[in-house]
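Notes to accompany the following structure.
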Amino acid sequence: MAGTINKVILIGHLGDEVKMHYFEGGNAIGRFPLATNETYTNKQTGEKVTTTEWHNLVVRNKLAEICEKYLSKGDKVYCEGRIKTRQWDAEDGSKRYTTEIHVVDMTFLTTKKETSPSMANTPKPSTIEPQQASSEIEDEDDDLPF
């Protein structure tokens, strides 16, 4: 294989609300943490162990606005995107780095905002087509501490 690929697929729960930043010209960027869990059994103790990995997600423009409108902390989403690392100079002069997932496709699996009475006359996310993002909603109860 001669080419390379940078593709990430995640299913997880939002760890916080979507934080938005708007730019001149109408562009927008949204950022939020996503938690994914791994559960395994410790062979020595027989005890189940769950570890959580946190991912920094970035959404842009129309997809960011839809995420801000419909998603809240604890919601479950399916995301596809690319890994990108940013670098900047800190105030103390040192170089700082962060790794982010730049989302290009997303499906809403559960949303708390969708079930609220105030959303009764609001169109479902699936009626809006942001940058190829699908937003199908399924009812699913999870016992999460979010």
Evaluate the side-chain proximity of [Y] to [X]: yes if any heavy-atom separation is below 4.5 Å, no if none is.
X: Glu65; Y: Tyr70; value: no
X: Arg82; Y: Ile101; value: no
X: Arg96; Y: Arg86; value: no
X: Val103; Y: Leu63; value: yes
X: Leu14; Y: Val18; value: yes

Sorted by chain and residue number, the ring pair (Phe, Tyr, Trp, His ring centres under 6.0 Å) partners of Phe23 (sequence neighbours excluded) come out as His21
Please table the atom pairs, donor to acceptor, closer than 3.5 Å between any side-chain atom in residues 24-33 and protein atoms at least two apart or in another chain.
residue : atom : partner : partner atom : Å
Arg31   : NH1  : Glu100  : OE2          : 2.5

Report the distance from atom CD1 of Ile83 to atom CG of Asn56, rounding to the nearest 0.5 Å.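 These two atoms lie 12.0 Å from each other.
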Rounded to the nearest 0.5 angstrom, the OG1-NZ distance for Thr99 and Lys84 is 12.5 Å
Under the salt bridge (Lys or Arg N to Asp or Glu O under 4.0 Å) definition, can you give me all pairs with a residue in residues 32-59, not counting sequence neighbours?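 Passing the test, one end in residues 32-59: no pairs.
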Look at the side chain of Glu17 and the backbone N and O of Lys73, then say whether any donor-acceptor pair between them is shorter than 3.5 Å.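 Looks like yes, one N/O pair under 3.5 Å.
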Whether the side chain of His13 engages the backbone of Gly74 through a donor-acceptor N/O pair (distance < 3.5 Å, no angle test) should be reported.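 Yes: the side chain of His13 pairs with the backbone of Gly74.
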Applying side chain to side chain contact (heavy atoms under 4.5 Å, CB included), can you list everything that pairs with Gln87, at least two apart in sequence or on another chain?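 Checked Gln87 against side chain to side chain contact (heavy atoms under 4.5 Å, CB included); matches are Lys95, Tyr97.
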Those residues at least two apart in sequence (or on a different chain) that pass side chain to side chain contact (heavy atoms under 4.5 Å, CB included) with Ile11 are Lys76, Tyr78, Leu109
Take Val77 and Leu71 through the test side-chain contact (heavy atoms from CB on, under 4.5 Å) and record every step on the way to the result. CA-CA 9 Å; Val77 294; Leu71 294 178; 3.8 Å; yes
side-chain contact (heavy atoms from CB on, under 4.5 Å), that's the test. Do Leu10 and Leu34 meet it? Break it down for me. CA-CA 9 Å; Leu10 297 170; Leu34 188 79; 3.9 Å; yes
Besides Trp88, the hydrophobic cluster formed by Ile, Leu, Val, Met, Phe, Trp and Tyr side chains linked at under 4.5 Å, directly or via other members, contains none
Decide whether Thr52 and Asn37 meet the rule of one side-chain donor and one side-chain acceptor closer than 3.5 Å.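 Result is yes, a qualifying pair exists.
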Please walk me through it: do Glu80 and Val8 pass side-chain contact (heavy atoms from CB on, under 4.5 Å)? CA-CA 6 Å; Glu80 291 184 24; Val8 176; over 6 Å; no
Linking I/L/V/M/F/W/Y whenever any side-chain heavy atoms sit under 4.5 Å apart, do Val58 and Met20 land together?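 No; Met20 is not reachable from Val58 via cluster members.
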For Cys79 and Leu57, work out which heavy atoms get closest and say how close.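 Scanning both residues completely, I find the closest heavy atoms to be SG-CD2, 3.5 Å.
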